[in-house]
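So you know, we letter chains A, B, ... as the sequences are listed, proteins then strands, and number each from 1.
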Number of protein chains: 2
Amino acid sequence: MTARSSSESTRDIPEATVARLPVYLRALNTLADDAIRTCSSEELALAAGVNSAKLRKDLSYLGSYGTRGVGYDVDYLRYQIAREIGVTQDWPVVIVGIGNLGHALANYSGFRSRGFRVVALLDADETRHGEVVAGVEVRPFGDLEEIVESHGVAIGVIATPAGAAQDVSDRMVGCGITSILNFAPSVIAVPDGVDVRKVDLSIELQILAYHEQRKANIS
Amino acid sequence: MTARSSSESTRDIPEATVARLPVYLRALNTLADDAIRTCSSEELALAAGVNSAKLRKDLSYLGSYGTRGVGYDVDYLRYQIAREIGVTQDWPVVIVGIGNLGHALANYSGFRSRGFRVVALLDADETRHGEVVAGVEVRPFGDLEEIVESHGVAIGVIATPAGAAQDVSDRMVGCGITSILNFAPSVIAVPDGVDVRKVDLSIELQILAYHEQRKANIS
DNA sequence: GTCGATTTGTTCTCGCGTTCACAAACTCCT
DNA sequence: AGGAGTTTGTGAACGCGAGAACAAATCGAC
């Protein structure tokens with residue numbers, strides 16, 4: 001409908017679609033690894049675990065990158081999705097809280113390969129300072145402002161105990177971080193304009209337990 | 001409307017509500033730790049980070065456990081939610097894949113305190129067998145069937161690389177596991193009746209990156 | 001015992017997301 | 001060149017969830 005200028009691609013993509021784009025991207029990467037050049041919406045939907053109509057509608061928000069009667073060019077679509085999400089550029093990331101989970105996150109190769117670079121590991125516990133994890137030295141939490149400023153960090157990861165999460169969040173927001181991924185099992189409050197996503201391991205298990213309990217009670 | 005018999009409490013709770021119940025439960029636990037006996041829907045909603053109308057509607061699916069003009073009894077509501085979710089009972093859990101993430105999961109105290117007991121750690125890599133993590137010995141993946149049967153395990157956690165996830169899933173389903181929490185960055189296919197929840201670290205970051213990119217492009 | 005204040009439980013409306021179904025567009029074969 | 005076969009992109013219907021608003025119920029004061 002609307003005329004679309006060169007790189008001014010999309011207006012607003014529904015949140016549900018945004019959450020699925022990374023899944024499509026991964027599926028496309030897998031296809032590319034298998035030297036597959038072209039795929040239909042049906043094939044890609046299968047690989048991504050979604051309905052093909054939903055996939056097509058999702059992709060239509062980005063533009064018309066398919067060819068009717070043929071399908072999608074894997075490499076081309078892959079690039080378009082990556083550009084839309086923003087993973088074609090480099091995102092510096094700070095991780096606060098280097099416990100068991102922080103360790104695992106720092107070592108997670110999936111970040112590196114998707115444009116996320118861990119520029120600093122911070123912890124309040126001084127006995128951990130100087131320790132090197134995944135090639136990065138653990139530094140005092142007080143260094144946060146300096147690091148965020150010098151590297152232009154916009155994304156912070158909280159992997160602390162619940163009690164520290166709100167304080168860490170406040171400090172992050174205070175020095176200009178506008179996106180937070182929170183692994184601490186607590187609700188954190190942030191001002192408007194700051195995005196928070198929450199990953200809670202035990203909540204996921206509790207949801208499974210609920211359904212499991214229902215299955216057992218077929219009375 | 002419907003007459004409600006003794007322990008036959010609810011019919012079907014919306015999925016969105018089920019996902020929030022654990023959040024309410026945690027908020028209630030925090031209140032209880034502060035020796036608070038009673039709370040209004042407004043207070044609890046604030047602690048849980050949701051709208052109070054939504055909270056009341058969610059709780060109404062469980063029954064009428066509040067008192068008008070007063071609020072909710074913290075301990076009583078806490079018990080009711082815990083019973084509804086199923087965390088009053090003990091859930092044996094198996095974790096497959098003891099890499100960085102598997103280590104972190106095995107050590108995560110939030111599982112133990114919510115009724116989940118890690119009964120076994122399995123890994124395909126023989127060099128890891130015998131290693132003790134969080135008080136549990138790492139055993140060969142081939143022991144899965146025996147362990148699931150002897151402990152009555154219904155919930156499995158996959159923390160392997162992407163390539164192994166589908167195989168592990170198939171084996172789990174094959175020996176009777178009906179709920180899977182998948183941390184591997186891949187889509188797994190399971191038969192009807194098996195629940196899968198997926199936690200993907202890099203996808204969460206990519207979603208944040210998308211919004212971050214939008215913030216930067218205010219052009 | 002009655003009145004006012006308070007808070008729950010529920011009804012209603014609205015918007016988002018999912019899915020179906022089909023027209024438009026492209027390829028290939030003859 | 002034309003027709004058959006495919007596959008995309010999208011309009012329309014449907015169902016679920018969020019939030020506002022209100023009636024019902026309880027407590028406390030007098």
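A distance of 12.0 Å separates CD in A/Glu84 from CG in A/Leu25, rounded to the nearest 0.5 Å. One finds the CG atom of A/Asp75 at 9.5 Å from the OG1 atom of A/Thr38 (value rounded to the nearest 0.5 Å).
When rounded to the nearest whole Å, the span between CG of B/Leu62 and C1' of C/dT10 equals 15 Å. B/Lys54 has its NZ atom 18 Å from the P atom of C/dG9, to the nearest Å. The nearest whole Å value for the distance from the CD atom in B/Glu42 to the C1' atom in D/dA20 is 13 Å. Here C/dG9 presents its P atom at 12 Å from CG of B/Leu44, a figure rounded to the nearest Å. Residue A/Leu55 contributes atom CG, which lies 13 Å from atom C1' of C/dT18 at whole-angstrom precision. Rounded to an integer number of Å, the gap from CG of B/Asp12 to P of D/dG15 is 15 Å. Atom CG in A/Leu59 sits about 13 Å away from atom C1' in D/dT7, given to the nearest Å. Rounded to an integer number of Å, the gap from CG of B/Leu46 to C1' of C/dT7 is 16 Å.
Between D/dG17, D/dG9, C/dG17, one nucleotide has an atom nearer to the side chain of A/Ala16 than all others, and that is C/dG17. The side chain of A/Lys57 approaches D/dA12 more closely than any other nucleotide in the set D/dA12, C/dG9, C/dG17. Nearest nucleotide to the side chain of B/Arg20, out of D/dA18, D/dT10, C/dG9: D/dA18.
The side chain of B/Asn51 contributes no N or O atom lying less than 4.0 Å from OP1 or OP2 of D/dG17. Here B/Ser41 reaches the OP1 or OP2 of C/dT8: one of its side-chain N or O atoms lies under 4.0 Å away.
Residues from residues 71-78 of chain A with heavy atoms under 4.0 angstrom of DNA chain D, sorted by number: A/Gly71, A/Tyr72.
Between B/Thr17 and B/Asp58, the side chains place a donor N or O and an acceptor N or O closer than 3.5 Å (distance only, hydrogens not considered).
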Summary of protein contacts for nucleotides 22-30 of chain C, nucleotide by nucleotide, where a base hit scores B, a sugar-phosphate-only hit scores S (4.0 Å, heavy atoms): -BBBBS---
